[in-house]
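First the structure, which I've put down as structure tokens, then a few questions once you've had a look.
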Amino acid sequence: QVQLVESGGGLVQAGGSLRLSCAASGLTFSNFAMGWFRQAPGKEREFVATIDWRGGGTTYAESVKGRFTISRANAKNTVYLQMNSLKPEDTAVYYCASNRDTRASEASATYNYWGQGTQVTVSS
């Protein structure tokens with residue numbers, strides 16, 4: 001079965017950096033776009049970043065543009081989220097997801113597999 005396993009979350013001070021990883025198994029990883037989403041306490045899940053099947057096309061939420069970078073290593077079945085200049089408002093559980101299609105997408109409804117999430121906490 002398909003599994004997506006996130007890692008790399010933790011506690012960091014404002015201005016710091018974290019790198020999230022998401023290891024995929026049970027699917028032909030290189031055939032599908034991938035995305036990162038997050039959910040803060042008391043808030044709805046929101047889009048963070050997405051990357052197409054080859055890694056050539058990316059889209060970011062305005063709130064993270066210029067600070068976060070999504071990338072993928074198809075040979076390792078892994079997608080990454082490099083997060084720099086972290087802010088307290090970035091505190092959330094971060095989820096990776098696999099899309100049904102090759103094209104990058106901001107819409108959560110286009111993703112059919114989700115990881116369990118990794119907690120990111122940014123202290124002020």
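Everything numeric here is computed off the predicted structure, so don't read it as measured data.
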Look only at the side chain of Thr102 and the backbone of Trp53, and say whether a donor-acceptor pair between them is shorter than 3.5 Å.
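No.
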Over all atoms of both residues, closest heavy-atom pair of Pro88 and Ala14
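The answer is CD-CB, 4.1 Å.
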Within one Ile-Leu-Val-Met-Phe-Trp-Tyr cluster: Tyr113 and Val79, side-chain cutoff 4.5 Å
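Result: yes, single cluster for both.
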Do Phe47 and Val120 share a hydrophobic cluster (ILVMFWY, side-chain heavy atoms under 4.5 Å, transitive)?
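Phe47 does not cluster with Val120.
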Heavy-atom pair with the smallest gap, counting every atom of Thr78 and Ser21:
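Smallest interatomic distance, heavy atoms only, reads CG2-CB, 4.3 Å.
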CG on Leu86 to OG1 on Thr121, rounded to 0.5 Å
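Between atom OG1 of Thr121 and atom CG of Leu86 there are 10.5 Å.
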Has Gln39 got a side-chain atom pairing as donor or acceptor with Glu44's backbone, closer than 3.5 angstrom?
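Here the side-chain-to-backbone pair does not exist.
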Smallest separation among heavy atoms of Ser17 and Asn84, with atom names:
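Scanning both residues completely, I find the closest heavy atoms to be OG-OD1, 2.9 Å.
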Distance-only polar pair, side chains of Tyr111 and Thr50, donor-acceptor under 3.5 Å
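The answer is yes; a qualifying pair exists.
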Do other residues, nucleotides or ligands put more than 12 heavy atoms under 6.0 Å from the CZ atom of Arg103?
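For Arg103, atom CZ is not crowded (no more than 12 foreign heavy atoms under 6.0 Å).
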Using the rule that two of Ile, Leu, Val, Met, Phe, Trp, Tyr join whenever any of their side-chain heavy atoms come within less than 4.5 Å, decide whether Val93 and Trp36 are in one cluster.
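Different clusters: Val93 never reaches Trp36 through Ile, Leu, Val, Met, Phe, Trp or Tyr contacts under 4.5 Å.
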Just to verify, what does Asp90 make a salt bridge (Lys or Arg N to Asp or Glu O under 4.0 Å) with, not counting sequence neighbours?
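In terms of salt bridge (Lys or Arg N to Asp or Glu O under 4.0 Å), with neighbours along the sequence ignored, Asp90 is linked to Arg38, Arg67.
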Tyr95 and Val48: CA distance, side-chain angles, deciding distance, side-chain contact (heavy atoms from CB on, under 4.5 Å) verdict
CA-CA 9 Å; Tyr95 300 90; Val48 175; over 6 Å; no
For the hydrophobic clusters of this structure (ILVMFWY residues joined by side-chain heavy atoms under 4.5 Å, transitively), does one cluster hold both Leu4 and Tyr80?
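Different hydrophobic clusters.
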Walk me through whether Trp114 and Phe37 qualify under ring pair (Phe, Tyr, Trp, His ring centres under 6.0 Å).
CA-CA 10 Å; Trp114 295 80; Phe37 294 77; 5.0 Å; yes
Check whether any side-chain N or O of Arg72 sits under 3.5 Å from a backbone N or O of Phe29 as a donor-acceptor pair, and report yes or no.
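Side chain of Arg72 to backbone of Phe29: a pair is present.
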Sub-3.5 Å donor-acceptor pair from the side chain of Gln119 to the main-chain atoms of Gly9, do we have one?
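No.
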When you measure from the side chain of Gln116 to the backbone of Val5, do you find a donor-acceptor pair of N or O atoms at a distance under 3.5 Å?
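No, the answer is negative, given that no donor and acceptor are paired below the 3.5 Å cut-off.
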Side chain Asn77, main chain Ser30, donor-acceptor under 3.5 Å:
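Such a contact is absent between Asn77 side chain and Ser30 backbone.
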Before accepting this row, confirm whether a basic side-chain N of the pair Arg54/Asp52 lies closer than 4.0 Å to the acidic partner's carboxylate O.
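Asp52 and Arg54: not salt-bridged.
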When you compare the side chain of Ser71 with that of Gln82, does any pair of heavy atoms fall below 4.5 Å?
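No, every pair of side-chain atoms sits at 4.5 Å or beyond.
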Quick one: do Phe68 and Leu81 satisfy side-chain contact (heavy atoms from CB on, under 4.5 Å)? Show the steps, please.
CA-CA 7 Å; Phe68 290 12; Leu81 186 68; 4.1 Å; yes
In Å and rounded to the nearest 0.5 Å, what is the CD to OG distance from Gln13 to Ser124?
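Here the rounded value is 9.5 Å.
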Under 3.5 Å, is there a donor-acceptor pair between the side chain of Arg100 and the main chain of Ala33?
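No, the answer is negative, given that no donor and acceptor are paired below the 3.5 Å cut-off.
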For residues Thr58 and Ile70, report the shortest heavy-atom separation together with the two atoms involved.
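Looking at all heavy atoms of both residues, the closest pair is CG2-CG2, 3.7 Å.
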Could you give me the CA-CA distance, side-chain angles and deciding distance for Thr118 and Leu20, then say whether side-chain contact (heavy atoms from CB on, under 4.5 Å) is met?
CA-CA 8 Å; Thr118 186; Leu20 305 184; 4.0 Å; yes
Could you check whether any side-chain N or O of Ser105 sits under 3.5 Å from a backbone N or O of Ala107, counting only pairs where one atom can act as donor and the other as acceptor?
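Side chain of Ser105 to backbone of Ala107, a donor-acceptor pair under 3.5 Å: yes, one is there.
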